Amino acid sequence: MPHGTILLIDDEAMLRQAVARTLELEGYTVVQAPDAHRGLQALREQADSIGVVLSDVKLPDGRGLDLLPRYKALAPLAEVILMTAYGTIPDSVRAMKEGAFDYLTKGDSDDQLLVVVERAMDRFRLQQRVAQLERKVDTQYSFESMVGHSPALEKAKATARQVAPTDATVLLEGPTGAGKELFAQAIHYGSERRRKPFVAVNCSAFPRELMESELFGYKKGAFTGAQADKKGLFEEAHGGTLFLDEIGELEPGVQAKLLRVLEAQEFTKVGDTRPTRANVRIIAATNRNLRQEADQGHFRADLYYRLSVVVVPVPALSARRADVAPLTAHFLQHFAVKLRQRPLTVTPDALRILEHYPWPGNVRELKNVLERASILTPVDQPLTVEGLPHELQLFALVGSPASSAQDERSLRSAEKQHIQRILLECGGNKTEAARVLGIAITTLYRKIQEYGL
């Protein structure tokens with residue numbers, strides 16, 4: 001049986017009650033109003049629940065056609081059906097142009113009324129679901145969804161949040177695995193382009209000779225195998241955002257075409273002679289020092305300056321150690337849902353190792369370690385140091401704060417820990433360790449004795 005709430009506005013009491021009774025018998029909840037004033041008041045109070053407004057065209061205090069924009073302003077998702085005793089084609093055309101769902105003549109059969117109302121309610125429910133999904137996506141990719149509140153992360157978020165509403169080109173700088181794409185998504189969904197596509201491409205994932213056609217598309221017959229026209233990623237991202245990850249990998253010819261897009265907002269497809277307009281925002285990312293690359297002639301300086309209108313430095317995980325604990329809890333909860341089990345707990349010793357490990361692979365490496373732990377650790381046991389990967393266990397022996405009472409910032413402490421780490425990696429083979437360290441075997445023996453290793 002249909003369900004939903006309908007606002008019925010009509011000054012003819014008998015007709016209003018008869019229509020309301022027909023709708024209620026079909027399972028709808030009907031809110032009645034005898035005039036525009038009380039109809040607007042009811043819509044204002046119940047805007048979230050009313051799915052269809054069924055309004056007479058001629059009311060004592062207004063005309064339905066003039067009231068239509070006010071109905072839509074109060075309840076943007078609700079569908080409006082106008083009713084009149086004397087329908088005219090011009091009025092019906094105007095009503096549809098201004099956003100009415102349909103325009104009915106009073107006296108039509110109840111069956112026709114119910115069909116139109118059911119279609120309008122179906123569209124309202126669809127728009128509700130779309131709005132819910134959009135809110136979910138906006139929340140999922142918002143700056144607030146980023147886990148952690150370390151000073152380094154908050155500084156990067158503040159810059160990105162400030163530039164997001166603009167159309168400015170953004171360059172995200174940071175090591176691999178630090179979360180640059182997450183920043184790009186948050187910038188996109190924090191902009192006016194949020195309802196348009198977000199298209200991401202890793203510039204190192206394509207052979208250099210294919211990158212141009214992937215970005216800009218090509219015309220049929222442009223080269224052997226081009227059997228039909230193909231849209232490029234710029235066209236796919238029309239109206240939205242194109243995220244170019246690892247942009248330092250672009251070869252010079254593609255760099256020149258990208259510069260043209262940024263300067264003239266147009267590009268030319270491979271094999272085409274006419275330019276195509278490009279309404280796309282560019283967000284680029286790199287793990288290189290692009291300024292240095294430009295100074296050395298390895299990257300176009302003019303393109304660098306175009307890309308770096310706003311530079312957002314995305315910090316490495318080692319620069320935001322305070323975020324490791326909340327990230328650990330977040331990932332363990334995520335994998336618990338995925339694996340349909342209770343979230344894994346972590347012993348204090350294991351958490352201390354996680355917080356102080358240098359994480360060369362950044363957040364991506366931490367996530368992988370915790371996924372492995374969630375799979376391999378028995379569900380009734382916590383994650384211990386012994387449950388961590390070998391490299392973290394090795395760090396626990398020679399690199400963690402608990403392993404030495406000395407000030408870890410001192411040169412002596414750093415040398416001791418480095419020698420001990422190399423000895424462990426070489427399985428105690430002092431000759432091999434001396435070779436790796438680049439010192440004489442006698443020097444190594446002296447250091448072993450000096451540090452009591």
Side-chain angles (χ1 to χ4, degrees), residues 137-138 141 159-173 180-181 183-206 208-223 226 228-286 288 290-291 293-294 298-312:
V137 168
D138 289 350
Y141 296 115
T159 304
R161 187 183 283 111
Q162 193 170 358
V163 73
T166 73
D167 260 352
T169 304
V170 179
L171 179 63
L172 303 170
E173 293 185 336
K180 297 189 290 295
E181 184 166 351
F183 267 85
Q185 290 169 333
I187 291 170
H188 171 73
Y189 287 103
S191 74
E192 294 298 321
R193 295 176 179 266
R194 67 174 68 89
R195 300 292 173 251
K196 297 296 183 178
F198 174 85
V199 178
V201 57
N202 189 321
C203 298
S204 64
F206 293 94
R208 296 193 171 215
E209 60 272 12
L210 293 181
M211 196 65 213
E212 182 177 359
S213 60
E214 285 295 325
L215 284 177
F216 307 111
Y218 54 77
K219 299 294 287 183
K220 178 180 178 181
F223 50 82
D229 292 355
K230 180 184 181 298
K231 281 186 175 182
L233 295 176
F234 270 95
E235 282 186 282
E236 297 289 348
H238 181 74
T241 301
L242 180 60
F243 174 52
L244 300 173
D245 198 8
E246 305 298 352
I247 195 166
E249 301 295 329
L250 285 183
E251 58 96 14
V254 181
Q255 289 182 32
K257 293 196 72 169
L258 179 57
L259 178 64
R260 173 68 179 169
V261 177
L262 292 171
E263 290 182 336
Q265 298 296 303
E266 64 181 26
F267 62 91
T268 303
K269 296 182 180 182
V270 178
D272 201 357
T273 57
R274 294 177 301 175
T276 301
R277 296 294 298 170
N279 176 19
V280 175
R281 181 187 194 172
I282 300 294
I283 300 177
T286 181
R288 301 182 181 184
L290 270 197
R291 186 185 188 95
E293 297 262 320
H298 302 315
F299 193 85
R300 288 187 66 116
D302 46 4
L303 178 57
Y304 168 74
Y305 292 119
R306 274 288 184 177
L307 291 171
S308 60
V309 174
V310 177
V311 177
V312 178

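Keep in mind that what you see is a predicted model, and the values were worked out from it rather than measured. Throughout, numbering of the chain's residues begins at 1 and tracks the sequence. The figures here come from the full heavy-atom set of this structure, side chains too, leaving out hydrogens, waters and symmetry mates.
- By the 4.5 Å heavy-atom criterion applied to side chains, R291 and Y305 are counted as neighbours.
- Residues A237 and P197 come closest through the heavy atom pair CA-CB, 4.2 Å.
- The shortest side-chain heavy-atom distance between V312 and K180 does not fall under the 4.5 Å cut-off.
- Between R260 and F267 there is no side-chain heavy-atom pair separated by less than 4.5 Å.
- A distance of 13.5 Å separates CZ in F206 from CD in E249, rounded to the nearest 0.5 Å.
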Give the C-alpha distance, both sets of side-chain angles, the deciding distance and a yes or no for side-chain contact (heavy atoms from CB on, under 4.5 Å) between L171 and Y304. CA-CA 9 Å; L171 179 63; Y304 168 74; 4.0 Å; yes
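- With D245 as the partner, the side chain to side chain contact (heavy atoms under 4.5 Å, CB included) test is satisfied by one option alone out of T286, N202, V201: N202.
- Taking a 6.0 Å sphere around CD of E263, one finds it holds more than 12 heavy atoms contributed by other residues, nucleotides or ligands.
- Of all heavy-atom pairs between R306 and L259, the closest is CG-CD1, 3.6 Å.
- Atom CG of L307 is separated from atom CG of L262 by 6.0 Å, given to the nearest 0.5 angstrom.
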Distance-only check: which donor-acceptor pairs under 3.5 Å involve side-chain atoms of residues 211-221, not counting sequence neighbours?
| from | atom 1 | to | atom 2 | distance (Å) |
| --- | --- | --- | --- | --- |
| E212 | OE2 | K257 | NZ | 3.0 |
| S213 | OG | L210 | O | 3.0 |
| K219 | NZ | D229 | OD2 | 3.2 |

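- For the pair R193 and N279, the minimum side-chain heavy-atom distance is below 4.5 Å.
- Nearest heavy atoms, A168 versus V163: CB-CG2, 4.0 Å.
- By the neighbour-count criterion of 12 heavy atoms within 6.0 Å, atom CD of E251 is densely surrounded, having more than that number from other residues, nucleotides or ligands.
- The CD atom of Q255 lies 10.0 Å from the SG atom of C203; values are rounded to the nearest 0.5 Å.
- Considering every non-hydrogen atom in both G240 and H188, the closest pair reads CA-CE1, 4.3 Å.
- For the atom pair NZ of K269 and CD of E235, the computed distance is 3.5 Å after rounding to the nearest 0.5 Å.
- Side-chain contact between L244 and L258: present, with at least one pair of heavy atoms (C-beta onward) separated by less than 4.5 Å.
- Scanning both residues, A294 and A301, for their nearest heavy atoms gives CB-CA, 3.9 Å.
- Between V310 and T166, the closest side-chain pair of non-hydrogen atoms is not below 4.5 Å.
- Using a 30° and 60° split on the angle between ring planes, Y141 and Y189 fall in the parallel class, below 30°.
- Inter-residue side-chain proximity for L172 and E181 is flagged as unmet; no heavy-atom pair is nearer than 4.5 Å.
- Here CZ of R281 is found 7.5 Å from OG1 of T169. Values are rounded to the nearest 0.5 Å.
- Taking both residues in full, the closest heavy atoms of F243 and A284 are given as CE1-C, 4.3 Å, listed atom of the first, atom of the second, then distance.
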